[in-house]
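Below: one structure, written as structure tokens.
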Number of protein chains: 2
Amino acid sequence: MATIKEVAELAGVTPTTVSNVLRDRGRVGTATRERVLNAVAAKGYRPNLNARALVERRAPTLALMLGCITNPFYPEFTLQTNNAARRHGRFLLVCNTDYEPDGGSGFLAEVAGSLSDGVLVANTGSLQVDELKSIQATGTPVVISVWEFPDVDPGIPCVAFDSHKAGYIATDHLLDLGHSRIGALVGSEKNGIHGGRYKGFCDALRARKVKHLKTDARFGTDSYQGGFDAALDLLTSTPDLTAIFVSNDLPALGALNAAASLGFNVPEDLSIVGITNIELTSQSRPALTTVAIPTAEMAEKSVDLLIKLASNDPDAPAMVRTADPVLIKRASTAAPKSRATK
Amino acid sequence: MATIKEVAELAGVTPTTVSNVLRDRGRVGTATRERVLNAVAAKGYRPNLNARALVERRAPTLALMLGCITNPFYPEFTLQTNNAARRHGRFLLVCNTDYEPDGGSGFLAEVAGSLSDGVLVANTGSLQVDELKSIQATGTPVVISVWEFPDVDPGIPCVAFDSHKAGYIATDHLLDLGHSRIGALVGSEKNGIHGGRYKGFCDALRARKVKHLKTDARFGTDSYQGGFDAALDLLTSTPDLTAIFVSNDLPALGALNAAASLGFNVPEDLSIVGITNIELTSQSRPALTTVAIPTAEMAEKSVDLLIKLASNDPDAPAMVRTADPVLIKRASTAAPKSRATK
DNA sequence: CTGTTAGCGCATTCAA
DNA sequence: TTGAATGCGCTAACAG
């Protein structure tokens, strides 16, 4: 690689001038500028981003922490984050924490120190907030990109969507269709990451005075297989359900296939609704009704917030709220048969 | 952030000693070592990776170029690549080229110069080989991670799998089941990226003296929707096909749903086989029979090769070949009905 | 075993 | 409008 010095020599100027030309700082005569540009082209010169980062005390990359890029939500989120980062001239360092022996703490510490100008956290699962705070304390800004609880301040700058409302909307949709015996598949502990979504479900039922039996809920893992297994279990033990609320799309897709494998016709025999609106929901058979979360908005706002923090903008908010979730009506929900034939 | 100098002062040693302790270079007394470690902990010190990269003339990151992380193959490949990179102590910079105004060339140039120690290219679609060569010429090693043609040297170090054999195996499977009227959905031009797979298809048919009509093939785009649309078209105009060979899983999944929407029962009325074995193939209904490509192996070997090149290992090969593709028999293929009822 | 010196490639003073 | 000096934080080479 050519260095700035070589280019400067070829152009008959000093490195300072080359640097000024390359960064459009003005203060350079047209003729000189021309000469420099030619020299740059001739040498195929590219500035060394590490050296620049070192002297500017800011890195050109942002780090995105996520559990595993393999979970379909993440690629979509990563793409949006990447694009937002690119708009700010940054690169994105993608950090899978799931396969790190220490759950990602070391990862975080290494990356946060110098490689990246800030850290976006998409998974609050494995990474503890305390850990994030200690990173923050070293001077590297941290933003929680996907925070489910707009009413709870995690103590770290975050972008929050209303998970309670998402659960509520999904459930309201089922109630509107006339369902009254609705099961719930939750991709976490009751008070875990999907706790807000589940609470929205419960509150929607309560608002219509529909009873929710403990036995109609399953708490498990947020995965396709998790949803599949839980649905198998739920539908086997409670076959008279006419609808299932699932706290996330991926397990909802699992539930969809589990239902089919048990001989249920979706949506005739059983309605299923998810949350998130990942791409796959429009590729399933039937396409999955879901409640869309503002993924792109979260990604953008996260990056914006992180950039603000990185530049010590004093009015960087502690929490940014997104637009409300919205129902995406597709083909996996319909009125219950019992009612239609009544 | 604390600097090495501060730590050194606190420990009463020089930066060199701190550096040596942190990198386990030996040459340090136990007592000193202890003092340094304490000072490091006390200050919460983390080495500045940029500074280190600058002086060591090697970056801690590897760049992975791909079209769009949203294509389900990429997350899986990215994960494997990431894990391999981590084993070498590197971080992974993920570069989506699809949304770059220049198709990724600038991206590549910036990243390759200094931010990363080498570039892995998973998409040979948009990026031209010439461009890769010019990057390589600047001294940054480049590896094509997913090369389809083991018999063709792209002129860049690469990891190749036998795409022809993949197509051949998929087709042989259909022939073995007794199909003789087989359609083809190809996710590229005839001589494009999936050309090897298609040639494998043709050669398998020819080997059994089964005729392949031009009208039974469609060349299009490598996407879910592409497969869906092409299958719709193909099945509408040629409903007497009993099987379809699809050059990639994603369009195969589209074809699966297109077939269902036309009232075909898969596999009773129609068999469908794909190539790659992405995770989704086991989550479709029916699960998709496919020919597995050694994704993890390619990722690992790519990283290994890149690392070799980065360290100027003289016996880094120009091409690494992977194990052969292997048939994954699932539920989307069966003997043709006509034959069963004959 | 530990310290000293030098410099990686660049941007930022300040001087001319 | 341009140049010279300085140092970002770290490691390498050598000296002691």
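Every chain is numbered from 1 and lettered A, B, ... according to where its sequence line falls, protein lines coming before strand lines. Please read these numbers as outputs of a predicted model, since none were measured by experiment. Hydrogens, waters and symmetry mates are skipped; everything else that's a heavy atom, side chains included, is used.
Although no hydrogens or angles enter the test, the distance criterion places a donor-acceptor pair under 3.5 Å between the side chain of A/S311 and the main chain of A/I307. Checking side-chain atoms of B/R58 against main-chain N and O of B/D117 turns up no donor-acceptor pair under 3.5 Å.
For the pair A/R58 CZ and C/dT12 C1', the computed distance is 15 Å after rounding to whole Å. Atom CG in A/D24 sits roughly 15 Å away from atom C1' in C/dA11 (whole-Å rounding).
A/I156 places a side-chain heavy atom less than 4.5 Å from the side chain of A/K133.
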Between protein and nucleotides 8-16 of chain D, map the contacts as a letter string: B base, S sugar-phosphate only, - none, heavy atoms under 4.0 Å, written 5' to 3'. BBSBBB---

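Residue-level contact check: B/T32 touches the backbone only, with heavy atoms under 4.0 Å from sugar-phosphate atoms and none from bases.
Distances shorter than 4.0 Å separate none of the side-chain N or O atoms of A/T17 from OP1 or OP2 on D/dT1.
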Side chain to side chain contact (heavy atoms under 4.5 Å, CB included) evaluation trace for A/R23 with A/R52: CA-CA 12 Å; A/R23 289 174 305 143; A/R52 181 179 282 178; 3.9 Å; yes

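Under the 30°/60° scheme for interplanar angles, the aromatic rings of A/F149 and A/W147 are found to stand perpendicular.
Taking both residues in full, the closest heavy atoms of B/V142 and B/L309 are given as O-CD1, 4.1 Å, listed atom of the first, atom of the second, then distance.
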